[in-house]
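The following block contains the structure, expressed as structure tokens.
The structure presented is a predicted model; accordingly, all values stated were derived computationally and were not measured.
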Amino acid sequence: MAERRARPARSGTPEGSPRRPTEPSGPFGAVAAFLGRASWRRAVLVRRCVAGVLVAVAAVLALSPGAGGDTAEVVVAARDLPPGSVVAAADLTVVTWPAELVPAGVVGVAAAEGRVLAGALRAGEPLTDLRLAGAALAAAATGLPDAAAVPVRLADPDVAALLTPGVRVDVVAAAPEGGEPTVLADSAVVLTVLEPGGTSAGTSARGRSALVALPRDLATRVAAASLSDQVAVTLR
């Protein structure tokens with residue numbers, strides 16, 4: 001009985017395996033493959049455009065006033081204000097800020113009107129208690145909770161030109177004829193230099209006053225002495 005010869009296995013897909021669908025050949029197959037790749041690229045481009053739009057919208061919402069949090073009204077300078085000027089209502093304006101950006105010690109228009117500005121203020125900068133001459137600024141400058149601010153009239157224009165905020169001086173009462181000058185207070189902190197009339201305009205230093213911070217008992221002593229005696233300051 002003759003032996004049967006084994007049939008050679010067909011090339012391509014093994015027996016028992018699912019056959020892959022054959023791609024169309026010829027020009028129609030090339031066109032279909034191109035369209036499939038183009039659709040995939042369009043889908044990727046659309047997804048990227050949508051993602052970019054969402055990112056832009058999120059940025060706008062995050063930067064808009066009041067987005068994602070509470071807001072508060074803040075008094076800011078309506079224009080640049082020099083140190084030593086007396087604050088008027090027209091110098092200020094009220095704006096809305098995110099509550100978490102509002103600094104401590106902000107003051108209202110009524111509390112600031114008529115007060116002396118101890119430091120320069122840029123337009124749009126919030127007005128706080130440490131920008132105004134008063135107990136809060138004196139306490140911060142000296143580190144003493146009971147500190148007070150007192151003006152000392154400056155007779156010497158050369159000394160007035162040397163005084164800047166933060167400089168420490170001794171307040172001295174003029175000596176009677178043939179006597180020694182009296183040190184009324186030592187290590188007073190200069191807060192600002194005031195022009196005559198409480199404004200910072202003008203170039204002459206004569207008649208200017210230095211606003212200094214002192215412990216309350218010494219401030220009272222200096223204020224009382226300056227009413228009757230000539231008071232001067234000396235740099236430390």
Side-chain angles (χ1 to χ4, degrees), residues 77 80-88 91 103-107 111-122 125-236:
D80 291 348
L81 299 174
S85 58
V86 178
V87 179
D91 298 328
V106 290
V107 298
E113 192 173 3
R115 300 275 299 276
V116 175
L117 196 64
L121 204 64
R122 282 287 191 185
E125 188 175 350
L127 184 62
T128 66
D129 53 354
L130 295 186
R131 289 289 188 175
L132 299 170
L137 178 59
T142 60
L144 303 173
D146 66 336
V150 59
V152 177
R153 188 172 300 278
L154 303 173
D156 188 346
D158 295 330
V159 173
L162 298 175
L163 299 181
T164 57
V167 170
R168 291 187 175 269
V169 296
D170 293 336
V171 183
V172 181
E177 188 174 349
E180 293 292 330
T182 303
V183 177
L184 300 174
D186 58 355
S187 196
V189 181
V190 175
L191 300 179
T192 190
V193 176
L194 308 175
E195 293 285 347
T199 64
S200 59
T203 57
S204 175
R206 295 187 181 279
R208 297 169 72 179
S209 300
L211 190 67
V212 298
L214 293 165
R216 188 165 298 276
D217 56 341
L218 294 180
T220 303
R221 180 183 181 188
V222 170
S226 62
L227 294 176
S228 56
D229 301 327
Q230 185 178 2
V231 179
V233 297
T234 58
L235 297 172
R236 292 182 65 85

Considering all heavy atoms, the nearest L191-A141 contact: CD2-CB, 3.7 Å
Flag the pair L127 / L117 as yes when at least one side-chain heavy-atom distance between them is below 4.5 Å, and no otherwise. yes
Does the pair D80/R122 count as a salt bridge with the N-to-O cut at 4.0 Å? yes
Could you tell me whether a side-chain N or O of T182 sits under 3.5 Å from a main-chain N or O of L184, the two making a donor and an acceptor? no
For the backbone of L81 and the side chain of S85, can you confirm whether one donor and one acceptor N or O come within less than 3.5 Å of each other? no
Under a 4.5 Å cut-off applied to non-hydrogen side-chain atoms, are V150 and L211 in contact? no
Note, P215 side chain near L144 side chain (heavy atom, < 4.5 Å): yes
Can you give me the closest heavy-atom contact between T128 and A104, atom names plus distance? CG2-O, 3.8 Å
Quick one: do V233 and V159 satisfy side chain to side chain contact (heavy atoms under 4.5 Å, CB included)? Show the steps, please. CA-CA 8 Å; V233 297; V159 173; 3.8 Å; yes
Contact summary for L130 and A136, nearest pair of heavy atoms: CD2-O, 3.5 Å
Sequence neighbours excluded - side-chain hydrogen bond (donor to acceptor under 3.5 Å, both in side chains) pairs with any residue from residues 162-171: R168-S187, D170-R236
Heavy atoms of A148 and A138 approach each other most closely as C-CB, 3.8 Å
So do V190 and V169 actually touch side chain to side chain, heavy atoms under 4.5 Å? yes
Pick from V189, V152, V222, L163: which one makes a side chain to side chain contact (heavy atoms under 4.5 Å, CB included) with V212? V152
T142 side chain reached by L214 side chain, heavy atoms, under 4.5 Å: no
Nearest atoms (heavy-atom pairs only) where P126 meets L121: O-CD1, 3.9 Å
Can you see which heavy atom on L132 is nearest to which on R115, and at what distance? CB-NH2, 3.6 Å
Between R131 and A120 (side chain of the first, backbone of the second, donor and acceptor by atom type, cut-off under 3.5 Å), is there such a pair? yes
